Protein chains: 2
Amino acid sequence: MTVKRPDPVAVADAEARALAISLMQTHHAALAYSDAQTQTPGISRIAFGLDPDGVPMALVSGLAPHTAALRANPACALMLGEPGEKGDPMTHPRLMIRAMAAFVAPDDPQRAALRAHWLKGHPKATLYIDLPDFAFVRLMPQSALLNGGFGKAFRFTAEDLR
Amino acid sequence: MTVKRPDPVAVADAEARALAISLMQTHHAALAYSDAQTQTPGISRIAFGLDPDGVPMALVSGLAPHTAALRANPACALMLGEPGEKGDPMTHPRLMIRAMAAFVAPDDPQRAALRAHWLKGHPKATLYIDLPDFAFVRLMPQSALLNGGFGKAFRFTAEDLR
């Protein structure tokens, strides 16, 4: 028994894009991935930022299960906009991005610039950013969904998030 | 190039179990699932609670992509313990639970008791709890990982979370 309703998801307008861009200014995210061994869903909190071109990226530890998972299967999803303890968490806006992980090699010529850029937003990362098992990974958006609460959902193309 | 280190994940002790149980008292969670069509990872925020026996559960809308996904493939993962805006989000404790979704049928004899129990923790749900496309789904823990910050990780069996 299902109620017939119009498509609840609208194409993103300028206001929705502005909200999505503001949600991307966060320093942490929830990451969904497929487990490297079992292929079942896994979830982790990751340190999140944008590269100098505005592309989502993370700094991940080689000890974390999501790092092995993303190396085995780069398809993943991010959720940005965690609500904290105040207000109704289900009406707090959040952006869900479907992404493909692309690791930055330790000898990538861009790594020094990414490292300097990351430390501006994550100064405490100086403690571990140069450990050899830590790596940058770009999370290239494929599409996204913005949920601003019941009845306020918008879909985005990869281009909309630039 | 990888640094050899001891296993960074310990078996849960009493203190870790108490922290995990306290993180389960939240009213929202991040849910990782496999998309029903593409099998790629998806992520959503869900309204979260415990049933009268302490089993994780959610109230989900038939319009949400995770509902179709969980009906097609019940393997999923939950993250509890969202950090809000204060402090270092990567040291904020969070519990990651690998779970199997089990939907509660509309005519399940337990539904009335679950409905009354849910409304105690989620009073605003009166607005939509009886819409025919909303459903309760139990998220049966298979295993869990507690991360209390760098160097403080514990693994749990399903029994540890009871």
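Proteins come first, then strands; the chains are lettered A, B, ... in the order of their sequence lines, and each starts at number 1. Owing to the predicted nature of the structure, the values given are computational and were not obtained by experimental measurement.
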Legend entry - Heavy-atom contacts under 4.5 Å, residues 65-77 of chain A to chain B: A/A75, A/C76, A/A77
Legend entry - Top of A/P41, A/A30, A/A99 for chain B proximity - count of heavy-atom pairs under 4.5 angstrom: A/P41
Legend entry - Path from B/V60 to B/W118 over hydrophobic side-chain contacts below 4.5 Å: no
Legend entry - Same cluster (ILVMFWY, side-chain, under 4.5 Å), A/F103 and A/L131: no
Legend entry - Single-linkage hydrophobic cluster, 4.5 Å side-chain cutoff, B/L95 and B/F154 together: yes
Inset, instruction - Answer yes if B/L161 and B/L23 sit in the same cluster of Ile, Leu, Val, Met, Phe, Trp and Tyr residues linked by side chain heavy atoms under 4.5 Å apart, and no otherwise. - result: yes
Inset, instruction - Could you pull out all residues at least two apart from B/R115 that satisfy salt bridge (Lys or Arg N to Asp or Glu O under 4.0 Å)? - result: B/D130
Legend entry - ILVMFWY cluster, A/L78 and A/M140 together (side-chain gap under 4.5 Å): no
Legend entry - Part of residues 44-52 of chain A lying next to chain B, heavy-atom separation under 4.5 Å: A/S44, A/R45, A/I46, A/A47
Inset, instruction - State, to 0.1 Å, how close B/A32 and A/G42 come at their nearest heavy-atom pair, and which atoms those are. - result: CB-O, 3.5 Å
Legend entry - A/I97, part contacting chain B, at a heavy-atom distance under 4.5 Å: neither
Legend entry - Backbone of B/I43 reached by a side-chain donor or acceptor of A/R98 within 3.5 Å: no
Show which side-chain atoms of residues 9-17 of chain A pair as donor or acceptor with protein atoms under 3.5 Å away, not counting sequence neighbours.
residue : atom : partner : partner atom : Å
A/D13   : OD1  : A/E15   : N            : 3.3
A/D13   : OD1  : A/A16   : N            : 2.8

Inset, instruction - Report the option among A/H27, A/Q39, A/H122, A/M96 that has the most heavy-atom pairs separated by less than 4.5 Å from atoms of chain B. - result: A/M96
